[in-house]
Amino acid sequence: MKDMTTDTAIIQVRNLTRDFDVGGKGRGKRVLRAVNDVSFDVAQGETLGVVGESGSGKSTIGRMLVGLLPATSGRIDLFGETITGDGGRRALSRVRHKLQFVFQDPHAAMNPRMRVSDVIAEPIDVRGGWSRKDRMDRVHELLETVGLARQFADRYPHEFSGGQRQRIVIARALALDPSFVVCDEAVAALDVSMQAQVINLLMDLQDKMGLSYLFIAHDLAVVRAVSTRIAVLYAGEIVEIAPKRALYEVPKHPYTKALLEAIPRPEAGVRQPPIRGEVPSLLNRPPGCTLCPRCPRAFDRCRVEAPKLREIEPGRSVACHLYED
């Protein structure tokens, strides 16, 4: 895959924030900030990988991008249409067919009482305007596109393996010719051989259809296989975003380095990350850098001032005081 630039961005995210009320009223109201001031672009034909620990806000971002969750603040533009804020709902209704979502658990994502033909045709039925014949022809076409026989259309989800069910979910996501697909841990529930097959399918579809992906995962090896660029998320904030090769070969942020150090290697066994401890409570963020309590390179400024994500070299941005003048 070629590296992309924001000049060809089809989706632009600026200062995206999402808060959840978790109890209390008035002055005692408690708010959890799951996503905090996140900005990025995704170009036509690009895959932006998003990695981070559980609870880092990865899935929340993905759900906001496709309209499954409203943003508390910030802006999302798709093809120049702002789909958040005042008027965003109307704009989203115009472009929703261009946005699709592939869930982690394909079994839970399908109604077990529906035939595969009806599962795949759900977006077609919602949008309307298709004849019965055209609808079934499209289902058959989509099954073949994802490597399944058209005869499978009359079967039920429980008759398929996990890998086949994920292909069916991908076929449904493609029903209305989307431009942007969010894959939320789309291969996490599969074994290694099935993961490779589904990843290869996603990459082939991208080449053929010019799709753009936001690929959310906790497995750095999987993200490396599919991504053009990678955004590293910590406590709801992007701490580093860079082209895949640069990030893996020379990680800059201490948290990125820790994630890469933790990847098991056959020659070395499991390597423990140099960053210990737990992610701080998002109900009570520390006053400075959110990583500061765990970071081995933290200094006085880190404890009182949150670093800003800034470009340190072309195409690469890092949120760390170590790279500020």
Side-chain angles (χ1 to χ4, degrees), residues 1-13 40-51 62 65-66 78-79 95-104 106 109 120 123-124 137-150 152 161-217 219-231 241-249 315:
M1 296 181 188
K2 296 180 180 179
D3 287 349
M4 305 289 179
T5 69
T6 56
D7 294 338
T8 56
I10 65 166
I11 192 162
Q12 296 176 308
V13 177
F40 59 83
D41 297 337
V42 182
Q44 182 73 45
E46 179 186 30
T47 299
L48 178 65
V50 179
V51 297
L65 293 187
V66 297
L78 178 70
F79 293 120
V95 298
R96 186 181 290 277
H97 64 287
K98 293 294 184 181
L99 298 164
Q100 292 296 327
F101 199 97
V102 177
F103 294 90
Q104 175 179 347
I120 293 175
I124 293 172
D137 287 346
R138 181 59 172 159
V139 168
H140 290 158
E141 178 188 4
L142 289 165
L143 282 169
E144 292 176 348
T145 297
V146 299
L148 297 174
R150 60 171 54 199
F152 289 173
S161 68
Q164 289 174 324
R165 284 196 290 264
Q166 195 61 287
R167 288 172 184 266
I168 292 166
V169 171
I170 292 170
R172 179 175 61 186
L174 299 177
L176 296 177
D177 290 321
S179 300
F180 182 75
V181 180
V182 174
C183 301
D184 187 7
E185 300 278 9
V187 298
L190 307 177
D191 61 37
V192 174
S193 62
M194 287 296 102
Q195 283 186 357
Q197 291 181 28
V198 173
I199 287 170
N200 287 337
L201 170 63
L202 289 170
M203 295 174 72
D204 287 344
L205 292 171
Q206 185 173 54
D207 289 340
K208 293 175 182 176
M209 303 173 66
L211 294 170
S212 300
Y213 295 128
L214 187 84
F215 194 92
I216 297 167
D219 188 328
L220 286 165
V222 170
V223 173
R224 185 173 191 171
V226 302
S227 300
T228 311
R229 292 182 300 133
I230 296 172
I241 185 166
K244 171 180 64 177
R245 182 173 180 179
L247 185 134
Y248 276 85
E249 291 183 355

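Bear in mind that the values here come from a model prediction, so they are computed numbers and not experimental data.
Inter-residue side-chain proximity for Leu65 and Val13 is flagged as met; some heavy-atom pair is nearer than 4.5 Å. No side-chain heavy atom of Asp184 sits less than 4.5 Å from a side-chain heavy atom of Phe103. Side-chain contact check for Leu48 versus Ile241: some heavy-atom pair is nearer than 4.5 Å. Ile10 has its side chain within reach of Phe180: a pair of non-hydrogen atoms, C-beta onward, lies under 4.5 Å apart. Contact of the Ile120 side chain with the Ile168 side chain is registered, since non-hydrogen atoms from C-beta on lie closer than 4.5 Å.
The CG atom of Leu205 lies 5.5 Å from the CG atom of Leu174; values are rounded to the nearest 0.5 Å.
Residues Gln44 and Ser212 come closest through the heavy atom pair CA-OG, 3.3 Å. Between Val42 and Tyr213, the closest heavy-atom pair is CG1-O, 4.0 Å.
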inquiry  = Pair Gln166, Val102 - check side chain to side chain contact (heavy atoms under 4.5 Å, CB included), show working.
reply    = CA-CA 8 Å; Gln166 195 61 287; Val102 177; 3.6 Å; yes
request  = Please report the C-alpha distance between Leu202 and Val181 in whole Å, then the side-chain angles of each, then the deciding distance to 0.1 Å, and finally whether the side chain to side chain contact (heavy atoms under 4.5 Å, CB included) criterion is met.
outcome  = CA-CA 10 Å; Leu202 289 170; Val181 180; over 6 Å; no
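Sorted by first then second residue, the salt bridge (Lys or Arg N to Asp or Glu O under 4.0 Å) pairs that include residues 187-205, not counting sequence neighbours, number zero. Sorted by first and then second residue, the pairs that involve residues 141-150 and meet salt bridge (Lys or Arg N to Asp or Glu O under 4.0 Å), not counting sequence neighbours, are Arg138-Glu141, Glu144-Arg150.
Residues that satisfy the ring-ring contact (aromatic ring centres under 6.0 Å, His included) test with Phe40, not counting sequence neighbours, are absent from this structure. In this structure Gln195 satisfies the side chain to side chain contact (heavy atoms under 4.5 Å, CB included) test together with Val187, Leu190, Val222, sequence neighbours excluded. Not a single side chain to side chain contact (heavy atoms under 4.5 Å, CB included) links Ala189 to another residue, sequence neighbours left out. Residues passing the side chain to side chain contact (heavy atoms under 4.5 Å, CB included) test with Ala221, sequence neighbours excluded: Asp219.
Without hydrogens or angle criteria, Lys244 side chain to Arg224 main chain gives a donor-acceptor distance under 3.5 Å. At distances below 3.5 Å, at least one donor-acceptor pair connects side-chain atoms of Arg167 with backbone N or O atoms of Val146.
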